[in-house]
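Residue numbers start at 1 and run along the sequence shown. Counting convention: from 1, in listed order, for ligands and their atoms alike. Hydrogens, waters and symmetry mates play no part in the numbers below; they use all other heavy atoms, side chains included.
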Amino acid sequence: MSDEDVQLEARLEEQEVFEPSASFAEQANLTDEGIYEEFEENWPECWEGAADLLDWEEDYDQVLDDSNPPFYEWFTDGTLNASANCLDRHLAERGDEAAIEWVGEPVEEDNITYTYEELHQKVNEFAAGLREMGVGEGDVVTMYMPMIPQLPIAMLACARIGAPHSVVFAGFSADALATRMNSADSEYLVTCDGYYRRGDPLDHLDKANEGLSGVDHEVERAIVAERLMDGDGFDHDYADNQVAFEDIIADNEGATVEPVDRDAEDMLFLMYTSGTTGKPKGVKHSTGGYLAWAAWTSQAVLDIKPEDTYFCSADIGWITGHSYIVYGPLALGTTTMMYEGTPDYPDKDRLWDIVEEYEADQLYTAPTAIRAFMKWGKEYPEQHDLSSLRLLGTVGEPINPRAWKWYYKHIGGEECPVVDTWWQTETGGMMITTLPGVKDMKPGSAGPPLPGNDVRIVDTEGEEVQPGRAGYLTVNKPWPGMLRTLYKNDERFIDEYWAEYSDTDSDDPDDWVYFPEDGAKIDEDGYITVLGRVDDVINVSGHRLGTMEIESAIVGVEGVAEAAVVGGDHDIKGEAVYAYVITEDGYEETEELRSAIIEGVEDAIGPIARPEAVIFTPELPKTRSGKIMRRLLEDIANGEELGDTSTLRNPEVVSDIATKVQGD
Ligand code: WT7
């Protein structure tokens with residue numbers, strides 16, 4: 001490093017507050033700090049501005065109906081169509097502009113640009129096909145697809161005819177697909193033959209078929225998009241109820257479908273996510289409030305303008321991709337990028353290559369990716385001209401200040417604000433982050449709540465804690481993008497999110513408090529640092545996994561008597577899965593069993609849940625009342641000094657396990 005570099009590093013290392021650059025602030029969509037006060041005084045009417053970003057078929061009567069908390073309704077009696085908002089209304093001005101820039105993983109393949117006109121056409125054709133096969137308003141259509149254009153086409157086609165979609169991440173297992181289709185009573189599936197991962201074709205239809213065989217009701221139709229190139233296909237005969245995506249498009253060439261008028265509160269989609277106990281939860285999102293929230297936050301926080309090329313490297317199979325690859329950006333009429341592959345194929349500069357080629361204006365990614373970029377080294381971004389970038393974002397997990405500063409310096413050239421956005425599948429969109437043209441940034445802290453959001457850090461009694469002290473994050477006012485319920489399970493909805501801090505007998509909205517199950521602290525300036533989950537959910541590379549789900553997969557393996565799963569610290573992934581396993585009598589602690597356990601987890605959930613370590617132990621540390629002491633297992637995984645073990649029934653087991661882990 002040159003002297004200048006060394007000085008710069010030292011300065012960055014110490015700096016705790018970063019101002020948005022003048023060049024950014026000048027052109028930002030939001031520039032007036034007064035918005036915070038204005039929204040507070042004018043709540044909930046302040047959210048009319050978000051609704052105004054959309055075209056409504058029928059105007060709404062009331063911004064918020066809070067007469068039956070926590071079943072809040074936003075923009076009541078308004079009607080609209082999400083696909084019309086993302087496509088039709090842009091045609092006159094932006095029909096020839098790119099809506100989606102799709103980049104496949106293989107470098108030798110041609111990328112595809114869909115103009116708004118073209119995307120609109122495909123969506124109409126596919127919508128006509130869905131209708132023809134009997135998909136009606138309210139029917140849940142499941143999608144099990146990787147990052148290929150047919151996915152947003154199918155989503156928007158569903159939105160057009162009022163059929164909610166339920167997208168299942170392609171990396172999830174066949175079992176996970178079946179569970180979700182069963183839970184949603186979904187009779188339609190859109191999937192694909194395969195896709196490319198690090199240069200190799202992957203057989204996806206095989207997994208999809210296996211999932212279909214686990215569906216407990218009749219599946220009307222499975223639609224298969226053909227993504228693999230000639231010669232890469234796998235041998236599959238289509239079943240009678242299976243049909244090629246491309247055939248549906250071809251059969252409906254030129255068709256148009258009137259967008260169906262949907263009530264603001266009608267379900268736009270379901271998204272399954274992990275919770276503390278048992279089965280994944282079907283988070284239900286609305287049409288009006290959700291779309292308004294996705295659009296407003298895209299404009300306010302990501303600073304998206306129609307003429308931008310915006311790049312979010314998430315997968316559409318997660319909520320980030322729903323809100324910030326598809327719905328938010330397209331509602332604003334911008335160009336959204338979709339990249340099929342991984343950031344290290346064919347080399348570790350792939351994202352920078354894409355940013356340079358498409359002159360991306362924004363990049364929105366996850367801390368886990370940033371930590372990997374950091375490890376790979378600054379020489380990769382340095383090979384590319386990244387000067388088109390105007391704003392950087394992160395989401396999914398806490399970002400450590402060192403990674404934040406690396407991102408700020410080596411990707412943003414110290415010119416781009418970094419927005420660290422805290423939110424959840426359930427919140428529909430961003431909740432806590434700086435407004436990039438208005439607020440200073442503090443690395444490691446997401447920032448203040450967005451205007452109009454009432455977020456507090458409280459103790460177990462619900463009392464606000466002092467700045468600097470750790471507490472629980474709560475949201476004390478409803479917001480348009482909020483989940484409406486858990487699919488067909490209002491009771492669990494109340495139990496999981498509201499029971500902790502609300503008076504559940506009251507119908508006064510002031511008595512209802514949303515609990516996201518995150519720990520956090522707040523500083524004197526109202527900046528919030530999110531510390532992580534306080535429930536039995538772990539966060540691997542920004543992906544939420546329930547420890548219970550993993551444990552039940554492990555005890556399903558022959559030879560396993562008991563299992564406890566915890567998250568251990570991981571340099572790149574944030575957290576990694578550590579599985580402590582007791583074998584059944586008569587079974588040995590063998591490498592075969594270890595592999596069977598790992599395979600069992602991959603089959604039940606998917607490779608993202610793959611245990612980093614499987615630790616065999618004769619016993620698990622338990623309290624006298626029989627509760628597993630997870631904290632101790634976490635400390636062991638992290639190689640930390642072990643705290644008090646005196647409340648244990650079996651303290652001697654702890655050092656045995658610790659010795660084992662160090663030995664591994
Ligand atoms: C959990 C939600 C939001 C879309 C992707 C994840 C953690 C999310 C941050 C952040 C610290 C964060 C929380 C949250 N999280 N963003 N900026 N800083 N933690 O959605 O799968 O529903 O997970 O991710 O723990 O509860 P999700």
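For the pair R180 and F172, the distance from NZ or CZ to the six-membered ring centre is under 6.0 Å and the angle to the ring normal is within 45 degrees.
Residue pairs meeting the ring-ring contact (aromatic ring centres under 6.0 Å, His included) criterion with at least one member in residues 412-437, sequence neighbours excluded: Y324-W423.
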Distance-only criterion, 3.5 Å: show the donor-acceptor pairs between side-chain atoms of residues 467-477 and protein atoms not counting sequence neighbours.
from, atom 1, to, atom 2, distance (Å)
T474, OG1, R456, O, 3.1
T474, OG1, N476, OD1, 3.0

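Between the side chains of S274 and E549, a donor-acceptor pair is found at a separation under 3.5 Å. If you check the side chains of Y408 and E414, you find no donor sitting under 3.5 Å from an acceptor.
Enumerated by chain and number, the residues approaching ligand 1 to less than 4.0 Å through a heavy atom are I319, T320, V395, G396, E397, P398, D420, T421, W422, W423, Q424, T425, D518, V530, R533, N539, R544.
Scored by the side chain to side chain contact (heavy atoms under 4.5 Å, CB included) test, E463 finds D459, E461 as partners (sequence neighbours excluded).
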